[in-house]
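A quick write-up on the structure given underneath.
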Amino acid sequence: MTTDLVIGMAGSGGDGIVSAGEALLSAAASEGYHAMMTKSFGSQIRGGESSCRVRLSTEPVLNPGGTLDVAVALNWDDFLKFGGELPVGGNTVVIYESKTGVLPDKLPLTGVVPAEVFPVPLQDLAKEFAGTEKAKNTVILGLLAGWFGVGSKGVLAGLKKRLAKKGPELFEANERAFQAALRYAAEHPLARPRSLRAPPKLTPKLLTDGNDMCAAAAIFAGCQFFSGYPITPSTEIMQFMSREIWKYGGALVQCEDEIAGIGAAVGASFAGKKAMTATSGPGMSLKAEMMGLATIAELPLGVVNVQRGGPSTGLPTKTEQADLFQAVFSAHGDVARPILAPTCVADSFGLTVEAFNMAEEYQTPVIILSDQEISQRKETCDPIDTAALRVVDRLAPGPAELEDYKRYRFTETGVSPISHPGMRGGNYLAAGIEHNEHGDPTANGVMHARMNSKRFDKLRPLQTRKDLFKTYGDPDAPFALVAWGSTAGVAREALALAQADGLKAKLLVPYLLFPVATAAWTSFFAGVQAGLIVEQSHQGQLYRLLRMYLDLPRGVASFARSGANPFQPKEIVAKLRRRLDNQRTDRDGQPHEE
Amino acid sequence: MTTDLVIGMAGSGGDGIVSAGEALLSAAASEGYHAMMTKSFGSQIRGGESSCRVRLSTEPVLNPGGTLDVAVALNWDDFLKFGGELPVGGNTVVIYESKTGVLPDKLPLTGVVPAEVFPVPLQDLAKEFAGTEKAKNTVILGLLAGWFGVGSKGVLAGLKKRLAKKGPELFEANERAFQAALRYAAEHPLARPRSLRAPPKLTPKLLTDGNDMCAAAAIFAGCQFFSGYPITPSTEIMQFMSREIWKYGGALVQCEDEIAGIGAAVGASFAGKKAMTATSGPGMSLKAEMMGLATIAELPLGVVNVQRGGPSTGLPTKTEQADLFQAVFSAHGDVARPILAPTCVADSFGLTVEAFNMAEEYQTPVIILSDQEISQRKETCDPIDTAALRVVDRLAPGPAELEDYKRYRFTETGVSPISHPGMRGGNYLAAGIEHNEHGDPTANGVMHARMNSKRFDKLRPLQTRKDLFKTYGDPDAPFALVAWGSTAGVAREALALAQADGLKAKLLVPYLLFPVATAAWTSFFAGVQAGLIVEQSHQGQLYRLLRMYLDLPRGVASFARSGANPFQPKEIVAKLRRRLDNQRTDRDGQPHEE
Amino acid sequence: MTLTAKDFKSDLKPIWCPGCGDFGVVQAMYRALAAIGRPPHEIAFVSGIGCSSRIPGYTTAYGFNSVHGRALPIAQGIKLARPQLLVLAAGGDGDGFSIGGGHVPHAIRRNMDITYVVMDNQIYGLTKGQLSPTSPRGLQTVTSVGGSLEQPINPLLYVLAYGAGFVAQGTPADMAGLTAVIEEAIRYPGFAFVNVQSPCVTYGQENQQIKAHREQMKTLASLGHDATNMAAALARAQHYGSELYTGVFYKNPQPPQTFEAQARERQTQLGPSARPRDRILDMFRQQ
Amino acid sequence: MTLTAKDFKSDLKPIWCPGCGDFGVVQAMYRALAAIGRPPHEIAFVSGIGCSSRIPGYTTAYGFNSVHGRALPIAQGIKLARPQLLVLAAGGDGDGFSIGGGHVPHAIRRNMDITYVVMDNQIYGLTKGQLSPTSPRGLQTVTSVGGSLEQPINPLLYVLAYGAGFVAQGTPADMAGLTAVIEEAIRYPGFAFVNVQSPCVTYGQENQQIKAHREQMKTLASLGHDATNMAAALARAQHYGSELYTGVFYKNPQPPQTFEAQARERQTQLGPSARPRDRILDMFRQQ
Ligand SMILES: Cc1ncc(C[n+]2csc(CCOP(=O)(O)OP(=O)(O)O)c2C)c(N)n1
Ligand SMILES: Cc1ncc(C[n+]2csc(CCOP(=O)(O)OP(=O)(O)O)c2C)c(N)n1
Ligand code: SF4
Ligand code: SF4
Ligand SMILES: [Mg+2]
Ligand SMILES: [Mg+2]
């Protein structure tokens with residue numbers, strides 16, 4: 001019996017590998033497991049190689065996992081194209097299509113001897129019992145149910161529901177294929193059985209991906225306007241909105257480009273509505289000028305950047321965390337805007353609500369800096385208590401204020417009550433030009449300095465926010481990890497590993513990346529002797545950003561590498577260990593950065 | 001007698017104040033003085049208030065100066081609109097139009113008693129001797145010549161040349177007005193004479209502004225392509241190119257927007273030509289995506305950003321240094337490009353040539369980060385020895401290499417020989433998508449990491465460049481100033497003041513802002529106890545940038561404020577002093593940043 | 001309370017050069033708005049950047065003097081977010097047809113009820129006299145020292161090709177006519193475009209000044225032009241640059257439904273199927 | 001050495017879906033280029049981003065698969081920098097007329113000798129099936145779940161209004177015709193536009209597939225269309241979306257001078273007045 005199972009499958013586009021994964025995932029969710037699924041495709045638009053990884057566990061799943069427990073290859077050519085994304089190890093059970101003619105002891109896996117190998121006549125079983133090759137993926141699901149005890153109930157229930165419209169025959173054919181596979185598994189038992197333990201209790205789970213979660217949160221937070229331009233891997237947010245936003249009295253417009261995408265949202269915000277745009281790196285680059293406009297005009301705005309591999313078009317379908325610098329610094333002039341980064345599907349909800357709240361409270365664009373992995377992976381989540389979440393609306397001017405309305409009145413907080421067209425007496429001129437308190441254009445240096453201060457000072461309260469940080473492990477531990485975004489899930493597993501390994505370590509996961517909340521960081525780093533800031537970018541962007549505002553302990557270094565090369569918990573621990581050794585031998589030197 | 005004279009003049013648009021300034025400037029240049037002129041206008045497009053400051057000296061002029069030695073007001077309303085830009089002090093000689101009816105002891109200058117005050121019937125003198133009010137500005141020039149000994153020869157010689165085409169009458173009328181003013185000055189002598197000393201020797205000077213200097217340098221460096229979109233204060237670069245580039249076999253296209261502006265230049269560079277675009281903050285924001293494309297495609301490119309007040313449209317006619325973050329960090333993904341900042345008109349030449357050389361050598365866009373003040377102020381410069389400057393061309397593949405050409409071949413330097421369309425055998429695919437050595441698209445994480453490393457590593461040699469830094473003062477001094485761009489000229493004067501004041505201080509002026517050349521910085525900061533990084537931005541952007549890559553001495557702080565509020569040498573010294581005091585009383589605390 | 005032109009004039013002093021055509025445009029705007037009678041706070045007036053784009057600040061409406069070329073995206077966002085507002089957009093020839101040119105066809109095909117006024121002076125005024133997309137071929141400016149090498153664009157023909165429901169032209173040389181077309185444009189229930197030949201006295205060409213306009217002007221009405229005839233409109237529009245026609249080139253006699261009206265329908269239709277906001281997550285629930 | 005279609009085919013394996021119309025387009029391109037006879041290294045082929053924009057990589061020319069919507073600015077830079085090159089640009093309907101739509105009129109009015117091929121499939125292929133600017137009104141896609149609310153654009157009418165000297169349409173359903181218009185476009189000495197109805201088999205509409213094209217197609221030649229008649233071209237172009245006309249809509253019988261030819265003239269004329277590069281600073285010398 002095991003508590004955690006990582007299954008990787010690959011085939012060619014028509015093989016239905018991904019829908020098998022989805023069926024397994026939702027079966028597992030309905031059976032009460034925690035589960036996560038990621039997909040990966042070749043560059044072919046259709047019909048190329050495709051793969052998925054499904055991780056199932058009785059404990060919360062923090063990341064897609066490393067080496068596979070179970071590898072399913074519909075053909076070896078396709079499987080091998082995924083290389084490091086589907087790593088087979090000495091502990092892996094390999095299941096593959098026997099039609100490939102590959103002998104079990106001649107698998108094309110260099111330097112690896114899997115634990116067990118099963119060539120299975122997948123296609124033949126499908127044809128024989130379901131009457132169609134297409135049922136291959138149902139056969140696979142049956143095998144997985146038989147060998148690993150996952151989805152034995154859920155898969156068929158799910159299939160029944162999904163195929164309901166197409167008449168009973170199709171379902172029955174699939175059911176036969178499934179049963180046949182179960183029998184096949186029973187007849188060819190694993191040498192070392194490893195069924196997944198039953199989940200401790202059956203809590204009904206939510207199942208979705210980061211993009212849908214983010215879009216749903218926006219609606220919850222009161223967003224009534226979406227405008228944007230499609231781009232992988234953020235398009236699903238617009239697609240969700242296209243289905244849902246109308247229901248909430250809102251509207252959506254697919255714009256001609258990303259500039260218009262944010263422009264229309266800026267207009268809607270000026271008109272007094274909560275508005276949102278979503279994009280990925282290239283789109284963010286195009287939105288830079290408008291971000292600056294929203295900043296100087298002090299207009300609330302939710303802006304999602306689902307990071308993918310860069311620079312330029314880069315690696316559009318792979319994840320990376322290299323847009324942080326852009327998030328913080330893009331647009332000319334002195335501009336600042338809050339940057340929030342979710343770390344998984346579940347926390348995308350609360351964090352998106354937080355982003356809309358911040359936008360409204362501080363009258364500023366806020367960037368939700370997601371990444372491809374979070375946004376497109378599907379995950380089970382425990383139910384979220386929406387009643388515990390507050391929803392903030394922008395400060396409106398009172399009747400007295402509207403008698404002689406100053407849109408940009410200097411206030412103690414730096415936040416001035418904001419009107420919108422339609423509000424009598426609130427008339428003002430919004431502009432990209434520097435302005436005085438009334439909003440009238442000015443080129444006066446003194447006024448400019450005061451307005452700059454106003455725009456920065458109003459964000460000050462964020463610097464003392466501690467709630468947007470999570471610490472794991474012993475708060476007094478001398479060894480530290482920091483990780484953000486999708487890397488946080490790997491780091492949490494690394495922390496557990498390190499602790500199991502006897503290391504006194506802790507982990508900080510920041511959700512608020514900018515402004516740098518010095519209070520939270522300083523208290524975390526107090527007493528830290530050595531540590532790593534782990535992130536998927538070439539430059540180690542968070543590490544550099546922190547240095548701007550904090551004096552990091554000398555032993556804290558960057559552990560960063562380009563995207564599309566996911567970290568493994570083990571290597572993080574190994575790196576941390578090496579760091580400690582360096583610290584000891586190299587007391588007086590400069591900190592080593594890697 | 002004096003060695004330095006700061007003259008400020010203001011009037012309304014039609015008064016010819018600015019052309020008076022220009023005449024004085026070129027007269028002074030021809031007489032061998034060092035001189036500098038800045039202009040400032042009201043928001044009115046035409047016919048509003050206008051002003052200029054002219055600083056003349058026997059020594060090199062480093063900045064436009066502070067409190068005026070001579071103030072000329074054609075009318076007080078307009079003069080006062082310039083406030084802090086034309087400060088009158090106890091040492092100022094005030095000359096104004098007596099027609100204004102203002103009494104000499106009732107000047108509308110609060111809290112200031114100028115040294116001497118001369119109401120002069122400027123208009124009447126002009127009418128009487130030249131027959132037209134328009135000669136008012138010639139009268140002013142005559143007065144300045146009479147009282148301060150500047151331009152007595154040069155002004156008339158210049159006028160003669162300029163008016164040559166319009167027949168002798170016009171010149172003669174102006175000559176009469178000038179002479180009358182000279183007599184007027186002789187009849188109303190200064191109580192405390194302060195003629196400008198004659199220049200030590202008459203070296204023929206160059207006279208121009210930063211934009212023209214930059215454009216001329218581009219041509220010198222071999223630039224044959226310019227594309228861009230007009231924007232203040234960079235448009236003069238395009239305007240220069242529109243006159244000149246054709247002569248050098250080059251071409252110019254005024255594009256429909258800044259994206260096309262850089263796009264066409266990227267195309268020209270791909271085609272093997274040295275290409276350039278120039279813009280200001282808003283334009284840079286729009287170019288972000290293309291900057292990333294040029295980076296990943298490894299195409300040389302000269303990009304000028306003449307900074308103006310931001311964010312957004314901001315203060316288009318005022319200077320600021322707040323686009324540094326944008327220069328370094330804009331565009332998504334891990335990108336890096338060299339950033340060079342000139343500090344005056346003269347060094348704009350060599351630095352622009354350097355920028356083109358770097359672009360060619362490292363196959364990268366290079367940003368020339370100028371600012372409104374440098375770009376639009378006119379300055380005398382000593383002749384530049386162009387023979388001492390090298391011009392670099394990109395590395396071309398040899399015939400052997402073209403047999404099996406790999407555009408992005410991994411080399412030791414990270415620089416791969418580059419072909420261009422028209423070159424047989426060099427055919428390749430340039431792209432924004434990540435690529436392998438051949439240029440073929442890839443989504444492979446390992447290849448991505450290697451290519452990222454290549455793109456960053458090739459810039460490494462820049463980190464050890466020391467020639468792009470200038471140190472002033474005692475290299476071992478414990479107190480330090482750092483200033484870049486147009487602020488450097490003020491800092492140089494501040495250093496002199498500090499030294500005269502007995503402070504052991506030095507100044508570093510960096511021309512290469514990014515990559516942070518750690519060697520140069522570290523050696524400058526060695527032994528520094530306290531210091532200031534002086535810059536015109538709200539955030540203190542260079543200070544923050546340095547912190548990313550360097551451990552600054554604890555006593556080094558940021559002295560930064562928003563643009564359109566120029567620093568004065570005195571206040572820099574005062575701030576440095578306060579810093580030292582803080583250091584002394586507050587030994588164990590965190591460094592104070594202001 | 002009836003509104004007069006004065007009610008739409010703000011206290012901000014125009015930065016325009018004395019004699020600039022834009023003074024006439026803003027005057028015509030005041031008058032047209034007075035005739036329409038919506039109070040200023042129900043009007044949102046968006047522009048980009050340029051001399052002309054200063055215009056919203058000179059009115060008492062809610063103004064948005066945004067960034068160069070982006071008036072239309074912002075205006076559409078406003079209109080779609082709050083359809084009951086009267087939404088105006090304005091700017092220069094460069095703002096609208098150079099940097100902003102990519103937004104025009106899409107604004108038109110979306111057909112929101114927005115009136116877009118371009119103040120066409122065939123030059124870049126604010127940046128001091130560079131080539132504009134409507135500058136005639138061969139024009140010498142500071143960025144085209146030897147003369148421009150490009151064919152100018154034809155804003156009237158473009159917007160007709162884009163399918164605009166209302167296309168007109170005016171000049172401040174004929175204030176009554178200008179006021180009338182602006183008013184008619186605002187009243188047109190859909191996207192309306194007005195090209196105003198608004199002279200730049202400082203950088204503009206001699207033959208593009210008010211005086212010249214008075215001589216060149218031909219009202220389309222006087223030519224018997226049928227504004228419901230698209231082919232005739234296309235034919236007349238081809239003369240942009242050589243003839244100064246004023247009045248309405250085209251007005252769709254059967255204005256199609258606006259985007260915002262369709263949006264409203266969709267909202268009404270789908271609204272009842274909305275889950276309560278605080279139960280939106282139920283859609284992700286398994287079993 | 002005469003060149004054949006094969007000489008223009010690269011080793012890169014297309015990522016296109018089996019049956020995608022773009023296979024036909026690249027084939028036609030190979031053949032047209034072979035007929036033209038310029039060697040691959042004298043050709044620069046620029047595109048934006050999209051399924052269709054992958055096309056330069058599948059040829060042996062110098063390719064530039066740039067960023068979304070920016071093929072034309074880059075192509076113009078190349079052409080002006082090195083006029084002797086044969087410059088091609090290509091991309092999708094979204095690339096060309098949505099995000100890149102602002103560049104089209106200006107590329108056309110500059111009139112460089114560039115051939116621009118739009119592979120129009122009325123959908124966003126690469127991003128998996130969102131609305132494109134040429135998608136018909138009411139089309140249901142993942143971003144227009146209830147059906148699109150916008151009028152589609154008309155690429156043919158637009159480029160005619162922009163003043164393009166050569167405007168044609170083709171479909172891979174007629175390979176000979178497609179090859180012929182591409183070849184003729186390349187031979188046209190000025191900016192040439194070819195709209196290719198290139199079906200997306202994966203996300204496209206049923207009635208926009210090769211089979212349907214075969215039935216819908218009408219060659220303009222068979223209709224007696226006079227390609228030198230602009231009014232006729234405008235009239236025919238109006239039917240975009242309802243009729244599938246193929247062949248040349250318009251070809252200017254008197255092609256105006258190209259931008260690069262004028263540039264060459266200017267260089268020749270001004271060259272002699274150049275100061276030597278190393279003495280350029282003399283222009284700033286006082287006395
Ligand atoms: C992104 C950006 N690019 C360029 C500019 C500079 N700029 C301001 S207005 C303008 C053009 C003005 O011409 P037009 O739109 O015709 O308006 P006009 O001043 O003639 O009324 C330009 C290029 C800018 N502010 N922002
Ligand atoms: C700046 C930017 N925005 C968006 C995208 C995402 N994107 C890539 S291709 C494309 C549209 C594809 O449609 P089309 O141009 O019609 O080409 P097709 O794939 O249909 O051939 C989009 C939106 C991008 N890569 N860059
Ligand atoms: S520059 Fe021209 S457009 Fe601008 S305000 Fe002056 S006259 Fe009007
Ligand atoms: S998605 Fe459509 S356009 Fe893209 S390759 Fe497939 S068939 Fe062609
Ligand atoms: Mg204009
Ligand atoms: Mg398409």
Side-chain angles (χ1 to χ4, degrees), chain A residues 26 29-30 204-208 212-213 216 219-220 222 224-225 227 244 246-251 253 255-257 259-261 263-273 275 289-290 293 297 349 380-381 383-384 386-387 420-433 440-441, chain C residues 10-12 15 39-44 46 49 54 56-57 60-70 72-82 84-85 87 102-103 105-107 110 259-260 263-264 266-267 269-275 277-287:
Chain A
S26 77
S30 70
K205 295 259 187 302
L206 307 180
L207 180 63
T208 188
D212 278 6
M213 195 59 123
I219 299 250
F220 172 79
Q224 285 192 302
F225 192 89
S227 51
E244 294 292 329
W246 312 97
K247 300 181 186 166
Y248 298 89
V253 54
C255 291
E256 56 273 23
D257 62 18
I259 300 178
V266 164
S269 177
F270 173 70
K273 301 286 174 160
E289 190 194 17
M290 273 284 169
L293 175 63
F349 190 86
T380 53
C381 320
I384 294 169
T386 55
H420 64 73
M423 189 184 277
R424 190 186 295 273
N427 313 34
Y428 74 102
L429 179 69
I433 306 170
D440 299 341
Chain C
S10 78
D11 298 336
L12 223 55
I15 61 161
H41 73 273
E42 293 179 3
I43 302 170
V46 189
I49 292 286
R54 290 283 189 143
T60 49
Y62 274 89
F64 201 148
N65 186 175
S66 73
V67 288
H68 196 35
R70 314 304 170 192
L72 287 179
I74 294 175
Q76 290 169 81
I78 296 171
K79 185 70 190 177
L80 193 49
R82 230 176 254 280
Q84 63 278 28
L85 296 173
V87 179
H103 303 302
H106 301 281
R110 271 178 217 125
F259 193 102
E260 62 272 21
R264 175 60 49 97
R266 191 163 286 182
Q267 289 158 350
Q269 178 200 332
L270 296 177
S273 66
R275 286 170 212 269
R277 275 208 158 81
D278 57 356
R279 280 187 31 219
I280 191 158
L281 286 172
D282 287 358
M283 74 171 79
F284 304 136
R285 212 175 273 277
Q286 290 295 302
Q287 258 73 8

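None of these values were measured; they are calculated from a predicted model. Note that these values count all heavy atoms, side chains included, but never hydrogens, waters or copies made by symmetry. Labels below follow one simple rule: chain letters A, B, ... track the order of the sequence lines, proteins then strands, and each chain is numbered from 1.
- The shortest side-chain heavy-atom distance between C:Gln76 and A:Ser227 does not fall under the 4.5 Å cut-off.
- Closest non-hydrogen pair, A:Pro421 versus C:Leu85, comes out as CB-CD1, 3.5 Å.
- Separating the CG atom in A:Asp212 from the CD1 atom in C:Ile280 is a distance of 10.0 Å, to the nearest 0.5 Å.
- Listed here is the closest heavy atom pair of A:Phe220 and C:Arg277: CD1-O, 3.4 Å.
- In terms of heavy-atom proximity, C:Gln286 sits nearest to A:Pro204 at O-CB, 4.5 Å.
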Run the side chain to side chain contact (heavy atoms under 4.5 Å, CB included) test on A:Ile219 and C:Arg275 for me, step by step, so that the C-alpha distance in whole Å, both residues' side-chain angles and the decisive distance to 0.1 Å come before the verdict.
CA-CA 11 Å; A:Ile219 299 250; C:Arg275 286 170 212 269; over 6 Å; no
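- Taking 4.5 Å as the limit, some side-chain heavy atom of C:Phe64 sits within range of a side-chain heavy atom of A:Val266.
- Taking CG of C:Leu281 as the reference point, atom OG1 of A:Thr208 lies at 9.0 Å (rounded to 0.5 Å).
- A:Phe270 places none of its side-chain heavy atoms less than 4.5 Å from the side chain of C:Ile74.
- Taking A:Ala297, A:Cys381, A:Ala271, A:Ala265 one by one and counting their heavy-atom pairs under 4.5 Å with chain C, the maximum is reached by A:Ala271.
- The two atoms that bring A:Ala251 and C:Leu80 nearest to each other are CB-CG, 3.7 Å, heavy atoms only.
- The ring-ring contact (aromatic ring centres under 6.0 Å, His included) test applied to A:Phe225 returns no partner, not counting sequence neighbours.
- Listed options C:Gln267, C:His106, C:Arg279, C:His103 were ranked by heavy-atom pairs under 4.5 angstrom with chain A; first place goes to C:Gln267.
- Ranked by heavy-atom pairs shorter than 4.5 Å toward chain C, the options A:Glu244, A:Met213, A:Arg424, A:Lys273 are led by A:Arg424.
- By the 4.5 Å heavy-atom criterion applied to side chains, A:Asn427 and C:Tyr62 are counted as neighbours.
- Proximity to chain A is limited to the side chain of C:Leu12, based on heavy atoms less than 4.5 angstrom apart.
- With rounding to the nearest 0.5 Å, the separation of CZ in C:Arg82 from CD in A:Gln224 is 9.0 Å.
- Contact record, A:Met290 with C:Val67: CE-CG2, 3.9 Å, taken as the closest heavy-atom pair.
- Only the side chain of A:Asp257 comes within less than 4.5 Å of a heavy atom of chain C; its backbone N, CA, C and O stay farther away.
- When each of C:Pro56, C:Ala44, C:Pro73 is scored by its heavy-atom pairs under 4.5 Å with chain A, the top score falls to C:Pro73.
- Only the side chain of C:Arg110 comes within contact range of chain A, with at least one heavy atom under 4.5 Å from a heavy atom of that chain.
- Using a 4.5 Å cut-off between heavy atoms, C:Ala61 contacts chain A through its backbone alone, with no side-chain atom that close.
- Nearest heavy atom pair, residue A:Leu293 against residue C:Ser66, reads CD2-CB, 3.9 Å.
- Residue with the most contacts toward chain A among C:Glu42, C:Gln84, C:His68, C:Arg70: C:Arg70 (heavy-atom pairs, distance under 4.5 Å).
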